[in-house]
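No hydrogens, no waters, no symmetry mates; every other heavy atom, side chains included, goes into these values.
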Amino acid sequence: MSSILQEINKRILILDGAMGTMLQRYNFSEEDFRGERFANFPHSLKGNNDLLSLTQPKAIASIHAQYFEAGADIVETNTFSGTTIGMADYHLEDLVYELNFESAKIARQVADEFTAKNPEQPRFVAGSIGPTNRTASMSPDVNDPGFRAVTFDELRIAYKQQVKALIDGGVDLLLVETIFDTLNAKAALFAIEEVKEERNIDIPIMVSGTITDASGRTLSGQTVEAFLISISHIPLLSVGFNCALGAKQLKPYLKQLSHNTSFNISAHPNAGLPNAFGQYDETPAEMQEQIKEYLDENLINIIGGCCGTNPDHIRLIAEVAKNYKPRKV
């Protein structure tokens, strides 16, 4: 079977779009999130999208399939909050291994079905590793700047558990994404390196930061170049940005990345900036137009969508991307 390392040299690879945006269409109730297994669980579970891999696996599989049908080469597992740190909000820390393993298995199965149908276009599964809801390099308490809600070691241990489960579930690569604090990302990368060493395996890694506003910095204050330098000691499949900004706003930062690294470049921007109601208004056609500028300037190797994007966005992005060669590394 073809590896992602071979495919990325042949063409621009298409990543999927938003999982949350698609799940919102189902309008799942508290009962739907619970399923039979958690019917009597003492805490509220609504909003825990990762849990749906156990209680609504058909919906998760269907979303993966819709993205593959739209032309995606890579889908992300439904594991954005899949650490003990993320699951603590729902009192489900004990489920972390199972959540990641089952999510990976669902995506793997759908990917294999699509690859079997069209071996010319092999499909891949990226284990999605989110940033957690805590930050290791800043204090959440204005009155105590030295305080940290989480330590590097706590993050490393939590990420290690997630990484093992994703690999056991059959992912092809790992995607450390939506990085707002590079110290958190370093803990994830450290955990991945530990697992690689312990198991004597190699697995491709994508790293995707997030520029939070027009200052062009991450939430923890790093510029594009600083972010790049602080993760470049690891051999990465790609480095890029996702979330927080639409394709138009993201472009200058991708350009900076592209000019400063020999890694492949990835981008999965939001469908524009959120409106007053927190909704994303950018149409697939508008987004396609903006992504075409990336392609015209030869900035990217992997392209997809984040918040507000759906299979229609991915379809149009895939349509335009197939006319271009990937960025030369």
Side-chain angles (χ1 to χ4, degrees), residues 3-15 73-74 76 124 126-129 131 137 172-193 196 202-270 290-306 317 321 324-329:
S3 79
I4 193 153
L5 301 166
Q6 292 166 309
E7 294 301 316
I8 201 162
N9 292 321
K10 294 183 200 164
R11 57 201 166 94
I12 292 170
L13 295 181
I14 308 297
L15 190 68
D73 298 293
I74 309 165
E76 297 170 57
F124 302 99
S128 169
I129 298 173
S137 61
D172 298 293
L173 62 149
L174 295 165
L175 169 56
V176 181
E177 64 172 321
T178 324
I179 299 161
F180 56 80
D181 181 348
T182 308
L183 196 56
N184 287 36
K186 285 179 106 107
L189 293 168
F190 192 85
I192 294 168
E193 291 305 306
K196 277 165 62 173
D202 200 14
I203 185 164
I205 305 164
M206 292 175 66
V207 163
S208 184
T210 190
I211 298 287
T212 40
D213 58 37
S215 71
R217 291 171 183 262
T218 64
L219 191 66
S220 55
Q222 279 189 313
T223 59
V224 171
E225 287 89 345
F227 167 69
L228 184 60
I229 288 164
S230 52
I231 52 157
S232 287
H233 60 291
I234 305 255
L236 301 173
L237 173 71
S238 68
V239 62
F241 290 120
N242 73 295
C243 205
L245 302 172
K248 197 184 193 65
Q249 294 85 4
L250 199 57
K251 190 175 139 194
Y253 310 120
L254 284 176
K255 267 176 125 154
Q256 278 173 282
L257 263 191
S258 194
H259 295 157
N260 284 301
T261 184
S262 55
F263 294 136
N264 293 299
I265 301 284
S266 76
H268 49 298
N270 290 346
Q290 292 169 21
I291 300 283
K292 189 175 174 301
E293 291 180 22
Y294 293 4
L295 300 164
D296 287 334
E297 295 183 37
N298 199 232
L299 295 181
I300 48 170
N301 305 86
I302 301 173
I303 183 75
C306 204
I317 290 170
Y324 289 84
K325 292 261 182 289
R327 167 181 167 273
K328 272 279 172 277
V329 175

Residue pairs meeting ring-ring contact (aromatic ring centres under 6.0 Å, His included), one or both in residues 219-248, sequence neighbours left out, come to Phe227-Phe241
State the [atom1]-[atom2] distance between [X] and [Y], to the nearest 0.5 angstrom.
{"X": "Thr210", "Y": "Leu219", "atom1": "OG1", "atom2": "CG", "answer": "9.0 Å"}
{"X": "Leu174", "Y": "Glu76", "atom1": "CG", "atom2": "CD", "answer": "12.0 Å"}
{"X": "Thr182", "Y": "Asn184", "atom1": "OG1", "atom2": "CG", "answer": "8.5 Å"}
{"X": "Leu15", "Y": "Ile302", "atom1": "CG", "atom2": "CD1", "answer": "7.0 Å"}
{"X": "Gln222", "Y": "Ile211", "atom1": "CD", "atom2": "CD1", "answer": "9.5 Å"}
{"X": "Cys243", "Y": "Glu177", "atom1": "SG", "atom2": "CD", "answer": "8.5 Å"}

Backbone N or O of [Y] within a donor-acceptor pair of the [X] side chain at under 3.5 Å?
{"X": "Thr223", "Y": "Ala226", "value": "yes"}
{"X": "Asn9", "Y": "Leu5", "value": "yes"}
{"X": "Thr261", "Y": "Leu257", "value": "no"}
{"X": "Ser220", "Y": "Phe180", "value": "yes"}

Partner residues of [X] under the side-chain hydrogen bond (donor to acceptor under 3.5 Å, both in side chains) criterion, sequence neighbours left out:
{"X": "Ser258", "answer": "Arg327"}
{"X": "Asn264", "answer": "Asn301"}
{"X": "Ser238", "answer": "none"}
{"X": "Lys325", "answer": "none"}

Taking all non-hydrogen atoms of both residues, which atom of [X] and which atom of [Y] are closest, and how far apart?
{"X": "Met206", "Y": "Ser266", "value": "CE-CB, 3.8 Å"}
{"X": "Ile4", "Y": "Pro204", "value": "CG2-CG, 3.8 Å"}
{"X": "Tyr294", "Y": "Pro269", "value": "OH-CG, 4.1 Å"}
{"X": "Ile300", "Y": "Ile303", "value": "CD1-CB, 3.6 Å"}
{"X": "Ala244", "Y": "Asn270", "value": "N-ND2, 3.1 Å"}
{"X": "Val176", "Y": "Ala188", "value": "CG1-CB, 4.0 Å"}

Do [X] and [Y] have side chains that approach each other closer than 4.5 Å (heavy atoms only, starting at C-beta)?
{"X": "Thr218", "Y": "Thr212", "result": "no"}
{"X": "Pro131", "Y": "Ile179", "result": "no"}
{"X": "Lys196", "Y": "Ile203", "result": "yes"}
{"X": "Gln290", "Y": "Leu250", "result": "no"}
{"X": "Ser208", "Y": "Leu175", "result": "yes"}
{"X": "Val239", "Y": "Leu228", "result": "yes"}

For Lys328, the salt bridge (Lys or Arg N to Asp or Glu O under 4.0 Å) test, sequence neighbours excluded, returns none
Applying salt bridge (Lys or Arg N to Asp or Glu O under 4.0 Å) to Asp73 and not counting sequence neighbours gives Arg11
Residues 253-270 vs salt bridge (Lys or Arg N to Asp or Glu O under 4.0 Å), sequence neighbours excluded, gives Lys255-Glu297
Here the salt bridge (Lys or Arg N to Asp or Glu O under 4.0 Å) pairs for residues 207-234, sequence neighbours left out, are none
Using the test side chain to side chain contact (heavy atoms under 4.5 Å, CB included), find all partners of [X] that sit at least two apart in sequence or belong to another chain.
{"X": "Gln249", "answer": "Leu245, Leu273"}
{"X": "Leu236", "answer": "Leu189, Ile205, Val207, Ile231, Ile234, Phe263"}
{"X": "Lys292", "answer": "Asp296, Val320, Tyr324"}

| task | Kindly indicate, with the supporting measurements, whether the criterion side chain to side chain contact (heavy atoms under 4.5 Å, CB included) is fulfilled by Ile265 and Leu299. | result | CA-CA 7 Å; Ile265 301 284; Leu299 295 181; 5.7 Å; no
